[in-house]
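Report on the structure given below.
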Amino acid sequence: MPSKNSSAAIAERYSVRCRYCGQKNSVKEDYKNGDAVCGRCRLPLSNAAHKKFADLSKHDYVHPADSKALAALRAIPGIDSALKKLLSVTGESAIRVTFMASAVKVTPKQCPDLHAKLQIACTTLGVDMPDFFIQQNPTVNAFTGGVEKPIIVMHSGLLERLNDEETLAVIAHEVGHIHAEHVLYLTAAQLLLAVATIPLATLPVAGIIKELLTASMRGALLAWMRRAELSCDRAALLVTQDPHVIGKTMMKLAGGTFAYKMDYDEFLGQAREFQKNYDEKKLDKFWADILNAGLSHPFPIWRV
Ligand SMILES: [Zn+2]
Ligand SMILES: [Zn+2]
């Protein structure tokens, strides 16, 4: 028979269902004061509701700059068939072989908390689970690629810098690319960037790109790519359901791991100042546009 003491000890713990992944967790009564996290997805426990958007249309959140640039891109005659042809040459299988060979595949048993976060992002946005790889790479980045069957890749350099909520935000951003039907264009744009940045110009693929894609196709593709990022930050917001998780992730992208010593409110002030100068000073706008045009992602300060 349980003694009075042990039944009191049992009464102090109770079960809380994780708002994100649905796992039941046994917690102490004062868990809200501590930093209790879910045993499955590692996200903070609270009894607040987490909304799911199973019938979400991309038009509900896609950034107007993304729709405008994508419409301009699609208006170029022959672009879709040119891209499909390009990617059939370079091949989805090449992408798959690359990551199966040189990255770690996330499964329910391999990095289960990351697998749970992917599942949270997919169920919240209503997307089929893609394959997900972690790759050792100091470049702070994550991306989505593929043609028929998308895959998500996250670099170790990014993963190491982020806490669990911020990691969810990045995964949700990538799932947003799948939901918003960006994957075909994104894969082509990444290929263009790879050819432009790594000394691949001698490889046959560089010649194929030149042959298949006109300069205006290439320009429109890269211009759209940066704008597409803004839509996916919004998709990430639909998953984290807290704008400051996204803002703090951007602060880490801008300031590195040193961000733990930085003041987030000051960073938000910096974003407002940047936008004010951009709107009011012609020269600031000129340089911001020139510098931004060379990037795969817009400035973190803009994304905030
Ligand atoms: Zn959970
Ligand atoms: Zn992105």
Side-chain angles (χ1 to χ4, degrees), residues 15-27 31 35-50 52 58 61-63 65-66 69-70 108 111-125 127 130 132 139-146 150-155 158 162-193 221-241 246 249-250 253 292 295-300 302-304:
S15 164
V16 172
R17 198 175 279 282
C18 170
R19 62 189 294 233
Y20 297 100
C21 76
Q23 165 100 345
K24 272 190 183 170
N25 289 268
S26 161
V27 288
Y31 76 98
D35 15 50
V37 296
C38 169
R40 180 164 173 257
C41 68
R42 311 298 305 161
L43 291 164
L45 282 176
S46 88
N47 45 16
H50 188 259
K52 307 277 189 236
K58 67 173 189 166
Y61 66 89
V62 159
H63 195 281
D66 172 6
L70 191 60
C111 310
D113 67 295
L114 293 177
H115 190 264
K117 288 183 181 80
L118 177 66
Q119 204 166 35
I120 291 163
C122 289
T123 50
T124 307
L125 296 174
V127 170
F132 179 22
T139 316
V140 176
N141 199 13
F143 59 90
T144 304
I151 67 164
I152 293 177
V153 179
M154 194 165 170
H155 287 171
L158 179 56
L162 303 179
N163 69 23
D164 285 279
E165 284 177 285
E166 293 158 352
T167 303
L168 175 67
V170 170
I171 294 173
H173 171 105
E174 297 306 324
V175 172
H177 279 305
I178 300 172
H179 188 269
E181 295 166 336
H182 286 164
V183 179
L184 169 68
Y185 296 108
L186 209 55
T187 306
Q190 273 150 2
L191 197 62
L192 285 187
L193 283 179
L221 199 54
L222 296 180
W224 161 77
M225 189 185 182
R226 286 183 302 276
R227 290 167 177 86
E229 295 305 320
L230 300 174
S231 300
C232 294
D233 288 341
R234 289 176 163 193
L237 179 56
L238 291 174
V239 174
T240 64
Q241 302 180 11
I246 317 283
T249 308
M250 292 307 148
L253 291 182
N292 194 50
L295 303 174
S296 64
H297 288 66
F299 295 131
W302 244 328
R303 298 170 72 182
V304 169

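Since this is a predicted model, take the numbers as computed values, not measurements. Counting starts at 1 for both ligands and their atoms, in listed order.
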E229: salt bridge (Lys or Arg N to Asp or Glu O under 4.0 Å) partners, not counting sequence neighbours: none
Once rounded to 10°, what is the value of the angle centred on the Zn ion (ligand 2) between H173 NE2 and E229 OE2? 130°
So does H177 have any N/O/S atom less than 2.8 Å away from the Zn ion (ligand 2)? yes
Over 60° means perpendicular and under 30° means parallel, so classify the ring planes of H177 and H173, tilted if in between. perpendicular
Between Y61 and H179, how do the two ring planes meet: parallel, tilted or perpendicular, split at 30° and 60°? tilted
To 10°, measure the SG(C18)-the Zn ion (ligand 1)-SG(C38) angle for me. 110°
Can you give the angle C41 SG - the Zn ion (ligand 1) - C21 SG, rounded to 10°? 120°
Mind running salt bridge (Lys or Arg N to Asp or Glu O under 4.0 Å) on R303 and D233 for me, showing each step along the way? CA-CA 8 Å; R303 298 170 72 182; D233 288 341; 2.8 Å; yes
N/O/S atom of E174 under 2.8 Å from the Zn ion (ligand 2), yes or no? no
Quick one: sort the H50 and Y20 rings into parallel, tilted or perpendicular, breaks at 30° and 60°. tilted
